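Structure record follows, encoded as structure tokens.
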There are 2 protein chains.
Amino acid sequence: MESKGFISYDMFRRTCPSHTVLEALSNKWLYLVVMALGRRGRMRFSELQKLLEGVSPKMLTQTLRGLERDGMLQREVFPVVPPRVEYELTPLGREFARLLVHMLDWSVAHVPDILAARALYDVAAGDAVTPPAGS
Amino acid sequence: MESKGFISYDMFRRTCPSHTVLEALSNKWLYLVVMALGRRGRMRFSELQKLLEGVSPKMLTQTLRGLERDGMLQREVFPVVPPRVEYELTPLGREFARLLVHMLDWSVAHVPDILAARALYDVAAGDAVTPPAGS
DNA sequence: ATATAGAGTTACCTCATGGAAAGTAAGGGC
DNA sequence: GCCCTTACTTTCCATGAGGTAACTCTATAT
């Protein structure tokens, strides 16, 4: 029955190939780069660097290369001096960006809930450490 | 104009609160725990441990505590010996799980594309390193 | 001759993440 | 008296992620 033309992975197994995607996702800059390119379309390295506050050239390069490797974006080099390099999402990258938009919209919408839950949890944890009065 | 009742964060600034969510997302086990509880409902610690191949008790506890702190799941302790503890998603957690399902469905659907893109990129990179014939 | 701009690369260093393994608690069964 | 079970917690350790800063390349402008 597994010759269905489409394999249903067991995502809970260590060897599941979808984990490579999960691991790629575990990078904050990746989200920001994809969102930036998703919003503004084609951008230069230095534009990204200016937009993404706090990113080092090293991390930016690393993130861009990773996305390029995964087929999410296309890198175009213009052979001029000083160099000019532009980045743009591929169709795959644009699909992915649409998913991320949902995630981030939801995140932003629920940041207050999450922060409130954290505050509650943290005072409760503080109480738990407090020695019971009168003992 | 910013008294609109809903603040539009600048997600590219270092101080954007949505980054706390992004950072929470940057954990592979978090995805797997949420998916597991989303699929099977209520589960015990040891059941999760068995299902999520390769997770250490330390990581599992850490992940569960983080999710509980963020209001994504509820922990119920039964005061028996040996201990029995059950975990279940909250409504917030279930919403989040629905988002993750989309992400992971997409990931699984596109794993072949991504792996193919990587293979292509990697042979291209190999070529680039190969010294030009005849030089 | 020198400075400049853009797009990186490289070396170095530190802190944090995450794995392994052993320890803890608490009551019931043998 | 000792062991068993579950759900952790703690300690130790190695790897690696990610930051900083300096360096590279090359044609043009001064």
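Quantities reported herein were computed from a predicted structural model and do not represent experimental measurements. Below, chains carry the letters A, B, ... as their sequence lines are ordered, and counting in each starts from 1.
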On the nucleotide [N], are OP1 or OP2 found under 4.0 Å from the side-chain N or O atoms that [X] carries?
| X | N | result |
| --- | --- | --- |
| B:Arg44 | D:dT5 | no |
| B:Tyr87 | D:dA7 | no |
| A:Arg84 | D:dT26 | no |

Pairwise 5' ranking along DNA chain C for A:Pro82 and A:Thr61, keeping only the more 5' one: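 The answer here is A:Pro82.
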On DNA chain C, check which nucleotide each of A:Val85 and B:Met59 is closest to and give me the residue with the more 5' one.
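Comparing both residues, the 5'-ward one is A:Val85.
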Atom-pair distance ([atom1] on [X]; [atom2] on [N]), nearest Å:
| X | N | atom1 | atom2 | result |
| --- | --- | --- | --- | --- |
| B:Leu60 | C:dA20 | CG | C1' | 16 Å |
| A:Leu30 | D:dG18 | CG | C1' | 15 Å |
| A:Met43 | C:dG6 | CE | C1' | 15 Å |
| B:Arg75 | D:dA7 | CZ | C1' | 8 Å |
| A:Leu64 | D:dG18 | CG | C1' | 16 Å |
| B:Asn27 | D:dG16 | CG | C1' | 16 Å |
| A:Glu53 | D:dG19 | CD | C1' | 16 Å |
| A:Leu52 | C:dG8 | CG | P | 14 Å |

Mind checking whether [X] and [Y] sit in one hydrophobic cluster, side chains of I, L, V, M, F, W, Y counted as touching below 4.5 Å?
| X | Y | value |
| --- | --- | --- |
| A:Val81 | A:Val85 | no |
| B:Leu64 | B:Val77 | yes |
| A:Trp106 | B:Leu22 | yes |

Tell me, do B:Asp70 and B:Phe96 make a side-chain contact under 4.5 Å, heavy atoms counted?
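Of all side-chain heavy-atom pairs linking B:Phe96 with B:Asp70, none is under 4.5 Å.
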- Determine whether A:Val34 and A:Met72 make a side-chain contact, defined as any pair of heavy atoms from C-beta on separated by less than 4.5 Å.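 A:Val34 vs A:Met72: side chains apart.
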Nearest to the side chain of [X] - [options]?
| X | options | result |
| --- | --- | --- |
| B:Trp29 | C:dG19, C:dG6, C:dT9 | C:dG19 |
| A:Phe45 | C:dG8, D:dG18, D:dA7 | C:dG8 |
| A:Arg65 | D:dT5, C:dT9, C:dG6 | C:dT9 |
| B:Ser56 | C:dA26, C:dG6, C:dG19 | C:dG19 |
| A:Gln62 | D:dG18, C:dG6, D:dC8 | D:dG18 |
| B:Val81 | D:dT9, C:dG18, C:dA26 | C:dA26 |

Margin query: Closer than 3.5 angstrom, by distance alone: can the side chain of A:Glu53 be matched with the main-chain N or O of B:Arg14 as a donor-acceptor pair?
Written below: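 Flag set: sc A:Glu53 to bb B:Arg14 pair under 3.5 Å.
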request  = Measure distances between side-chain N and O atoms of A:Lys58 and base N and O atoms of C:dG8, and say whether any donor-acceptor pair falls under 3.5 Å.
outcome  =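 Side chain to base: no pair present.
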Have a look at A:Phe78 and say if it touches a base, only the backbone sugar-phosphate, or nothing, with a 4.0 Å heavy-atom cut-off.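 Contact class for A:Phe78: none.
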Describe the nucleic acid contact of A:Ser46 in one word from base, sugar-phosphate, nothing, applying a heavy-atom distance below 4.0 Å.
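Touches sugar-phosphate only.
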